[in-house]
Amino acid sequence: PDSNISPSLHWSECDAGEAMQRLLHDTIERAQHSLTITTPYFFPPRTTLDLFASAVRRGVSVRVILPERCDIWAIDHLARHYLRQAASLGIELLVLRNAFVHAKLALVDDRIAILGSANLDARSLRINREIMASTTSCEVCRKASLFIKRLTARCSPPTEAELHSIIPSGVARLFEAVL
């Protein structure tokens, strides 16, 4: 196990809000084979999306599991701009059908697990009061992998309609600073 990341707690108030974003970015950069993330909301900061794309170029299988519908209509449509962009970068999107996934979990190479309260958005990573735990515990990673397998059995790729938003991209960009 990598003693630099296991076990540890990270909260958004540390280091002027940089601690959790740094945790996520360091974790993405450590991925060698696979990175799976579950999140109810997908609004990754530009730097995070760039790191996902870099991981895909390195040959890492990057998957994001999302609910079929967000619990807030406008947020659902705003997120579709990010989903379309992520799909174009080679990130595998999986939509959990007939259920709302609210879990915030990242599993890297089946050996690093990060879980907690932060959504995959700038507000959670830098502004809101959130907490995340990271671990290389074999038992936690095994259970996280089983949880992901159960979710993916109920998932399918997004349809073209699910990647299309009725909100114009210019309007969506106006919300980037607050999402």
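Atom set for the values below is all heavy atoms of this structure, side chains included, hydrogens, waters and symmetry mates excluded. Note that the numbering runs from 1 along the sequence shown for the chain.
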Problem set entry | Pair Phe42 and Tyr82, ring centroids less than 6.0 Å apart | no
Exercise. Val56 and side chain to side chain contact (heavy atoms under 4.5 Å, CB included): which partner among Leu35, Val62, Leu89?
Worked result: Val62
Exercise. Looking only at side chains, do His33 and Ser61 share a donor and an acceptor under 3.5 Å apart?
Worked result: no
Exercise. How about Leu83 and Leu66: do any of their side-chain heavy atoms sit closer than 4.5 Å?
Worked result: yes
Exercise. Looking only at heavy atoms, what is the nearest atom pair of Leu51 and Ile28, with distance?
Worked result: O-CG2, 3.5 Å
For this session: Taking all non-hydrogen atoms of both residues into account, name the closest pair between Ser156 and Arg97 and its distance.
Result: OG-NE, 2.8 Å
Exercise. Does the side chain of Thr48 come within less than 4.5 Å of His25's, by heavy atoms?
Worked result: yes
Problem set entry | Co-membership, hydrophobic cluster, residues Tyr41 and Leu24, 4.5 Å side-chain | yes
Exercise. Where is the tightest heavy-atom contact between Ala99 and Pro67, given as atom of each residue plus distance?
Worked result: O-CB, 3.9 Å
For this session: Give a yes or no on whether the backbone of Thr159 and the side-chain of Glu162 come within a donor-acceptor separation of less than 3.5 Å.
Result: yes
For this session: Check whether any side-chain heavy atom of Leu49 lies under 4.5 Å from a side-chain heavy atom of Gln85, and answer yes or no.
Result: yes
For this session: Answer yes or no: is there a side-chain heavy-atom contact under 4.5 Å between Ile114 and Leu105?
Result: no
Seminar exercise, completed: Here the pair of heavy atoms bringing Asp109 nearest to Arg30 is OD2-O, 3.9 Å
For this session: Report yes if some heavy atom in the side chain of Val64 is under 4.5 Å from a heavy atom in the side chain of Leu94; otherwise report no.
Result: no
For this session: Step by step, work out the salt bridge (charged side-chain N to carboxylate O under 4.0 Å, His left out) result for Glu160 and Arg80.
Result: CA-CA 10 Å; Glu160 189 59 39; Arg80 292 176 186 200; over 6 Å; no
Exercise. Taking atom CD of Glu139 as the centre, does the number of heavy atoms from other residues, nucleotides or ligands within less than 6.0 Å exceed 12?
Worked result: yes
For this session: Could you check Met132 against Leu9 for side chain to side chain contact (heavy atoms under 4.5 Å, CB included), going step by step and ending with a plain yes or no?
Result: CA-CA 6 Å; Met132 300 296 284; Leu9 288 175; over 6 Å; no
For this session: Would you sort out whether Arg63 and Ile91 count as a side chain to side chain contact (heavy atoms under 4.5 Å, CB included), showing the intermediate values?
Result: CA-CA 6 Å; Arg63 297 185 304 171; Ile91 297 167; over 6 Å; no
For this session: Dump the intermediate steps for side chain to side chain contact (heavy atoms under 4.5 Å, CB included) on Arg58 and Gln32, then the final yes or no.
Result: CA-CA 8 Å; Arg58 289 194 319 267; Gln32 297 174 2; over 6 Å; no
Exercise. Do Thr152 and Arg154 have side-chain heavy atoms sitting under 4.5 Å apart?
Worked result: no
Exercise. Taking all non-hydrogen atoms of both residues, which atom of Ala103 and which atom of Pro40 are closest, and how far apart?
Worked result: O-CD, 3.9 Å
Exercise. Is a side-chain donor or acceptor of Ser54 paired with a backbone partner of Asp50 at a separation under 3.5 angstrom?
Worked result: no
Seminar exercise, completed: Rounded to the nearest 0.5 angstrom, the OG1-NZ distance for Thr36 and Lys149 is 10.5 Å
Exercise. Does one hydrophobic cluster hold both Phe52 and Leu93, with members joined at side-chain heavy-atom distances below 4.5 Å?
Worked result: yes
Exercise. Do Val95 and Leu163 share a hydrophobic cluster, counting only Ile, Leu, Val, Met, Phe, Trp and Tyr and linking them when any side-chain heavy atoms are less than 4.5 Å apart?
Worked result: no
Exercise. Same cluster for Leu115 and Leu107 if Ile/Leu/Val/Met/Phe/Trp/Tyr side chains link at under 4.5 Å?
Worked result: yes
Exercise. Would a 4.5 Å heavy-atom cut-off, applied to side chains only, mark Arg142 and Asp110 as touching?
Worked result: no
Seminar exercise, completed: So CD1 of Ile112 and OG of Ser134: to nearest 0.5 Å the spacing works out to 8.0 Å
For this session: Work out which heavy atom in Ser117 is nearest to a heavy atom in Glu130; give both atom names and the distance.
Result: OG-OE1, 2.6 Å
Exercise. Is it true that the side chains of Thr136 and Arg111 contain a donor and an acceptor less than 3.5 Å apart?
Worked result: no
Problem set entry | side chain to side chain contact (heavy atoms under 4.5 Å, CB included) between Ile37 and Lys104, worked out | CA-CA 7 Å; Ile37 293 177; Lys104 290 90 170 186; over 6 Å; no
For this session: Answer with yes or no whether the hydrophobic clustering places Val101 together with Ile148; edges join I, L, V, M, F, W, Y residues whose side-chain heavy atoms lie under 4.5 Å apart.
Result: yes
